[in-house]
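By convention in this document, chain letters (A, B, ...) are assigned in the order of the sequence lines, proteins followed by strands, and residues within each chain are numbered from 1. Only heavy atoms go into these numbers, but all of them, side chains included; no hydrogens, no water, no symmetry mates.
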There are 2 protein chains.
Amino acid sequence: MVQYAKTRLDASFAALSDATRRGVLEQLGHADASITDLAEKFRMTLTGMKKHVGVLEQAGLVITEKVGRVRTCKLGLRRLEDEAAWIERYRQLWTARFDELDKVIEELKRKEKADGRKKRE
Amino acid sequence: MVQYAKTRLDASFAALSDATRRGVLEQLGHADASITDLAEKFRMTLTGMKKHVGVLEQAGLVITEKVGRVRTCKLGLRRLEDEAAWIERYRQLWTARFDELDKVIEELKRKEKADGRKKRE
DNA sequence: TAGATACTGAACCACATGGTTCAGTATGCG
DNA sequence: CGCATACTGAACCATGTGGTTCAGTATCTA
């Protein structure tokens, strides 16, 4: 792949692209949890869950701290503001684009009507 | 991996996790484009670009139509509403969670002050 | 101190990803 | 017709992903 620096947005959208990880985020939105807690809740091995947490941590969406034998996971400081902003901007673009197409269609209809000719099908 | 059915959300967040694909979406927000157009703009082979378009199409974010030799790509009908909704819900959870933690911290401070003892560091 | 608990890391697996090249096929144009 | 254009598909490459098992290490607890 020869893949170089992933941007923040790359990393967080990738982190969000997995149902387990989205579930973990929601879970941590209710209460902090250990790796064991999460692994049980999502029915997978500790090792597997630790990888998911690692991905979320890399994306800055989760922070963890180990005290004694227990690593506690909690929500990170990022509120997905950049991600929300990107999507919002896109939605505006989308709307503008479709409005534009609507106008073109209106224009076509107007012309056709003015035209008099009936060209069915 | 033995990975089964990807959900819509999985697919669209995955589609958004690549800078090239986000770029393509923005591009199509301005004007429809052929595979060749996009491949040139993003400086990659036709085949490479076609794969990206395929991913976007799978996620329902782009639709394409081939007329003659040219395949034209345009924005799909999905406005990322589900994705925006998920993120928005998460942001609310996040805020609630941090407010809650703030309250706990306030409580601790209050107690400490009422306590009289000074336990620096 | 012994055993249970909680994590950690390496190794493996099968399949996905983001690219490429190369060899087609289909279409348009002079 | 013959050449250029535009895409398409298979195959390949290196690395990532989403899991697993197994063999540790570190920390509690009785």
Fill in: Separation of atom CG in D18(A) from atom C1' in dG16(D), rounded to whole Å
13 Å
Practice prompt. Please state how far atom CD in E65(A) lies from atom P in dA6(C), giving the value in whole angstrom units.
Written response: 18 Å
Discussion item. Quick check for you: among dG9(C), dG19(C), dA6(C), whose closest atom lies nearest to any side-chain atom of V70(A)?
Written reply: dA6(C)
Discussion item. Please report the distance, rounded to the nearest Å, between CE in M44(A) and P in dT21(D).
Written reply: 12 Å
Worksheet entry | Among dT17(D), dT8(D), dA6(C), the one nearest L46(B) by side-chain distance | dT8(D)
Fill in: Atom-pair distance (CZ on R43(B); P on dT20(C)), nearest Å
12 Å
Worksheet item: Which letters describe nucleotides 22-30 of chain C, given B = protein heavy atom under 4.0 Å from base, S = only from sugar-phosphate, - = neither?
Response: B----BS--
Worksheet item: Starting at NE2 of H52(B) and ending at C1' of dT20(C), how long is that distance when rounded to a whole Å?
Response: 12 Å
Fill in: Gap between atoms NZ and P, on K51(A) and dG9(C) respectively (whole Å)
12 Å
Worksheet item: Crowded around Q58(A) CD? As in, over 12 foreign heavy atoms under 6.0 Å?
Response: no
Item to complete: Might you point out which heavy atoms bring L75(B) and W94(A) nearest each other, and give the distance in Å?
Response: CD1-CD1, 3.8 Å
Worksheet item: How close or far is atom P of dT5(C) from atom CE of M49(A), stated in whole angstroms?
Response: 20 Å
Worksheet, complete the sentence: Considering only heavy side-chain atoms of T20(B), the closest of dG9(C), dA6(D), dG19(C) is dG19(C)
Fill in: Atom pair distance, as rounded to whole Å: CD in E40(A) and P in dT5(C)
11 Å
Discussion item. On the nucleotide dT8(D), are OP1 or OP2 found under 4.0 Å from the side-chain N or O atoms that R71(B) carries?
Written reply: yes
Fill in: Modelled atom types, side-chain donor and acceptor of E65(B) and T72(B), under 3.5 Å
no
Worksheet item: Between K50(B) and dG19(C), is there a side-chain N or O to OP1/OP2 distance below 4.0 Å?
Response: no
Worksheet item: Do L80(A) and L16(A) have side-chain heavy atoms sitting under 4.5 Å apart?
Response: yes
Item to complete: Compare every heavy atom of A19(B) with every heavy atom of D10(A), then report the nearest pair and how far apart it is.
Response: OD1-N, 3.5 Å
Worksheet item: Any Lys/Arg nitrogen of D32(A) or R97(B) sitting under 4.0 Å from an Asp/Glu carboxylate oxygen of the other?
Response: yes
Worksheet entry | Side chains of L28(A) and K74(A) in contact at under 4.5 Å (non-hydrogen atoms) | no
